[in-house]
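Order of the sequence lines fixes the chain letters, A, B, ..., with proteins taken first and strands second; residue numbering starts at 1 for each chain.
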Amino acid sequence: MATTVHDSPKIDVGRLPSQGSGNGGWRNRVPADGDLRRVKGSSPPPSSTGIWVGLAAITMTFAAFTSALIVRQGSAADWQHFTLPSILYLNTLVIIASSVTLEIARRRIATFMSGNKIEGAAPARWLYVTLFLGLLFVAGQTFAWLQLRSQGLVLATNISYSFFYVLTVAHALHLLGGLGGLVRVIGKLNRSALRRSTLNATAIYWHFMGGLWLYLLLLLRMKL
Amino acid sequence: MAKLFAVVIVLIAIGSAIPIIMHTWPLPQDISVHGQLIDEQFADTMAEAGISFLASQILLAFFIWRFSASRPSDKIKSFPGGAMGLVIAAFLLVGTEVLALGVFGAKAWGSVYLTAPAADAIPVQVQAGQFAFYFRYPGPDGKFGPIHPDQISEANANFFGIDTTHDQDSKDDIVTAEMAIPVNREIHLLMHSKDVGHSFYVPELRVQQDFVPGLDLSVHFTATKIGKYEIVCTQLCGLGHYNMKAYLEVKSQEDYDAWIKQQAALQ
Amino acid sequence: MHDMSTHAVSHGAPTSFISKHVFSLDHKVIGKQYYALALVAAVVGMFLSWLMRIHLGWGSYAIPGLHLLSKSGAPGDVMTPEYYLQLMTMHGTIMVFFVLTTAPFAAFGNFFLPIQTGAEDMPFPHFNMMSFWVTFVAFLVMVAGFFVADGPSLGGWTQYAPLSAVGAVGGPGQGWGVVLWAASIGIFCIGQLLGSLNFITTTLDMRCKGMSLMRLPLTAWAWFITSIMGLTAFAVLMPACILLILDHVAGTSFFVPSNLVIGDHLLPHSGGSTLLWQHLFWFFGHPEVYIAIVPGLGIVSHVLITNMRRPMLSHRVLIYSMGALAVLSYMVYGHHMFVSGMNPVSAIAFSFPTLVITIPSTIVVLIWLGSLYGSKLRINSASLFSLGFVSMFISGGVSGFFLAQPSLDIMLHATYFVVGHFHLVMGVAAMFGIFAGTYFWFPKMTGRMMNETWGKVHFIMSFIGAYCIFMPFHYLGMAGNVRRYQAFTDDYLIPLIPVHKFITVAAILTGFAQLIFIVNLIYSRFKGPLAPNDNPWQGTSLEWSTATPPPHNNFGDKMPVVYHDPYQYSVEGASADFIMQTSPEKLTNPHEEK
């Protein structure tokens, strides 16, 4: 497991865009004849559109869970309110911190990728910190679930617990996906095969998971 | 092929219209008070739908017939008015149609669902369960005793789970497997599901309403014609769904009173 | 040194059999895999419908061999009531998900969207490959329902709670059958999301030089709009299925209220909301039916334009209409719930957008009719099925007029009127769109032509047959014939049985006509006459500018450059009666999109 990348990648800034579609390179060039429509100044790489598309789907999923919670709470009087395990607040700080470390990592890597070497920058290091914080978050969530379980409060105990588990587990599963993305980014960075768009997309996803957690925490605090 | 196809379209269009015009399978007879509004709405919709259907299918057939015979040297012609003309036509024709149908339809709907039952409506409780309807009349005290779900038992024929020993109001309740109502009296039907979703449908009464487990729903209606009708379940409830029905007898007031007395004696 | 700016999607041509035909990253192969899956699903779904129809017409008769399908479901080859409902549930589910959502969108869209936009492939080929295999696994899980002890679920493709959520006490198939159903659909949702991700990013980011959004053909627009709907709708169905599974396996009460008594047992659940399932399901369910039909609108428009030798009266209006249908489709879902017990005022609220959605549908039909006027219509199997689609869409749409009004829905809800409506407007119309696309694009996908004579026979039999089956459903519904009944025992229904017998005969005959199509398809794939050239229909869009079948990266050495709007047919002063999008010829009088 390399913690440093040996050489900054060689980018030839004067190089023409590749011969294929995507990345907008073609669409800027107006040929000598014919009526070409200028499409856009430059097209974003597909992963930056793709990540928002994916996040839109995830938003709809959690919107569905939210409306299920609201409707279900209003439909019967059997909702048992409970206090959220306090470790959740610690986990919240952890996930916010992980977004901060990810941003630090992102800036360092961007600098690195544009060819500037900063002494002792070790761009991958902050990615590892983010990864660690992400795992710490999941561990903390697991602790919360186990804590409730040891008190005999499981999925079927009451509808409020059902929603608590469903929402937090669904979030954690999506976060695990984000962790996988981080591992992939680290791997590519170590092989000097990382594209900036990949890094950005992974970062957007990660921040979204943090934001989603804040939303869920608020929802659970207000409703549960 | 094109001409054959065009002829087939016209035949199908006209053929589809014939059973409607000839009333081959008419709507069931209307024995309700509110049904007239519904049936008028139905007829209006059928006229508009029928004209749209026939006109567009015949036009389609005509265009297929005519323009499949174009020659390569023919020039392409644009429909008069172009796209904008058609868009405007769609908005004006269809737009006004739908507004009219929507507004008048709301009236018909509201007369059924947005009016309260009359104060002297006869309350009848109906319970739907896999796979039968049972009915309960409140008896002389006019009150229904509470339902105890844990005491519901088909085996003991205690369909509503009523406790006549402890609940005063239950003592005179009358439970039947058939529903009888007096003609020209408003009925307030209180709907309760024992297990899963069911529905109460009497086509002649122009009434259809789902039973929702966990919700206390009700409808009210008045029957205007003496006779025997069927109540059928229309919400898929399991393997016996097709067979889940009960008879609704609309009787004269005297016959109804006699029937109630008879049923009370059987409790 | 390693090149950091490796191309977004270029993946080298595969070499092994597995990477070429099984786990392929190539959108064209994935499209064909989806098509094959849809074909198998359609045959299964049609076979199930035959069994249902035979039973409805001749209920107590033994269907020879049926006990082989299910010993408990058909002892002595006579179908039990529950088995009818189980077959019905699987018929609806398989047709809606694995045929109507798969073929027009995933099959043709995967094959042709990147080509029509001028891309080498979709931007996320691994996700794309996963989307097919996930869908395939979903199909296997669905079919597995036939092999569990109790059989598949009997609750209908709509799986209303609490019947779907109470477990095995609800009836045969309501235990494992429902869990498998919900798991399959949940898995299916994931496959769809992966696919939609690719479709959307392809359309937005992977267009070649000169291909602006308005220059995309109508099929590309239809797939794009459908993928946006799919993204939002399937993302809601999946959580609903998860909650349903939890009610089964984890003892939760999302959908099961308190105090339910089945078989004299009080169920342990409490507080669940029955209507919650309906809201979640139909929020997905209504956009789903538009997901099933919008690609067909695109395909039919595209095929008709090529065969009319003129563009539609307005390209833009068709795009906006498809967009309007998509947006409105989210506002109308309550029309499935008019008599469900939801607030009666909501019924009025839902009925207005439902009536309004007639307007873009009418616009689309009028534009088609108006464009037929003055055209040079070519008749072939593809154009016939497209014209048939128009007829079916009109018929099915007109019956929607009735169902959009809650007061009429009192009479028509849960009757055969509804079944006739959705079979015509969605089932048959979408199938016709699939057939049109097949006959049209077969030469490009395989390099051979399908047999035109048999195509026409297939068409006229299917057209007449479909009307013979589904038009009578409307009359049955008006007479009060309730749906989802395995037999007609009520006094007022018995006189209608002869109509059912007629329908059954029509259904079997129409089904056999589909065998003509399947034989034509398979035979032509291997022995059909070679396509005369790369552009046998003289089309203008990008798929006709490339080799037949297209090479691995779709366009070979040179990516296409687009100079024209799509559909420059019969342009005044042009050198030919069609100008391809890639032709550099300058047009003095091009058809501008209005």
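- Comparing C/Gly480, C/Ser391, C/Ser570, C/Gly171 by heavy-atom pairs within less than 4.5 Å of chain B, the highest count is held by C/Ser391.
- For residues 147-162 of chain B, the interface with chain C (any heavy-atom pair closer than 4.5 Å) comprises B/Pro149, B/Asp150, B/Ile152, B/Ser153, B/Glu154, B/Ala155, sorted by residue number.
- Residue B/Arg66: no heavy atom, backbone or side chain, is found under 4.5 Å from chain C.
- The side chain to side chain donor-acceptor pair (under 3.5 Å) search around C/Tyr84 returns none, not counting sequence neighbours.
- For the atom pair CG of B/Leu239 and CG of C/Leu154, the computed distance is 7.0 Å after rounding to the nearest 0.5 Å.
- Comparing C/Leu387, C/Thr358, C/Ile367 by heavy-atom pairs within less than 4.5 Å of chain B, the highest count is held by C/Leu387.
- Ranked by heavy-atom pairs shorter than 4.5 Å toward chain C, the options B/Ile38, B/Leu60, B/Leu217 are led by B/Leu60.
- In terms of heavy-atom proximity, C/Arg309 sits nearest to B/Ile76 at O-CD1, 3.6 Å.
- Side chains of C/Tyr467 and B/Val8 form no contact here, defined as non-hydrogen atoms less than 4.5 Å apart.
- Ranked by non-hydrogen atom pairs under 4.5 Å with chain C, the options B/Phe91, B/Phe79, B/Trp109 are led by B/Trp109.
- Contact check for B/Leu114 versus C/Ile348: side-chain heavy atoms found under the 4.5 Å cut-off.
- Residues of residues 27-35 of chain B lying under 4.5 angstrom from chain C, judged on non-hydrogen atoms, are B/Leu27, B/Pro28 by number.
- Here the CG atom belonging to B/Asp39 is positioned 9.0 Å from the CG atom belonging to C/Leu408, to the nearest 0.5 angstrom.
- The OG1 atom of B/Thr234 lies 7.0 Å from the OH atom of C/Tyr485; values are rounded to the nearest 0.5 Å.
- Comparing B/Gly197, B/Pro19, B/Gly214 by heavy-atom pairs within less than 4.5 Å of chain C, the highest count is held by B/Pro19.
- Across every non-hydrogen atom of B/Gln208 and C/Ala414, the tightest pair is OE1-CB, 3.9 Å.
- Side-chain contact between B/Asp210 and C/Met342 is absent, with no heavy atoms from C-beta onward closer than 4.5 Å.
- The minimum heavy-atom distance linking B/Leu101 with C/Gln405 is given by the pair CD1-NE2, 3.7 Å.
- Highest contact tally toward chain C, considering only B/Val212, B/Leu37, B/Val219, B/Ile9, is held by B/Val212 [criterion: heavy-atom pairs under 4.5 Å].
- The list of ring pair (Phe, Tyr, Trp, His ring centres under 6.0 Å) pairs with a residue in residues 44-74 of chain B, not counting sequence neighbours, reads B/Phe63-B/Phe67, B/Phe63-C/Tyr373, B/Phe67-C/Tyr373.
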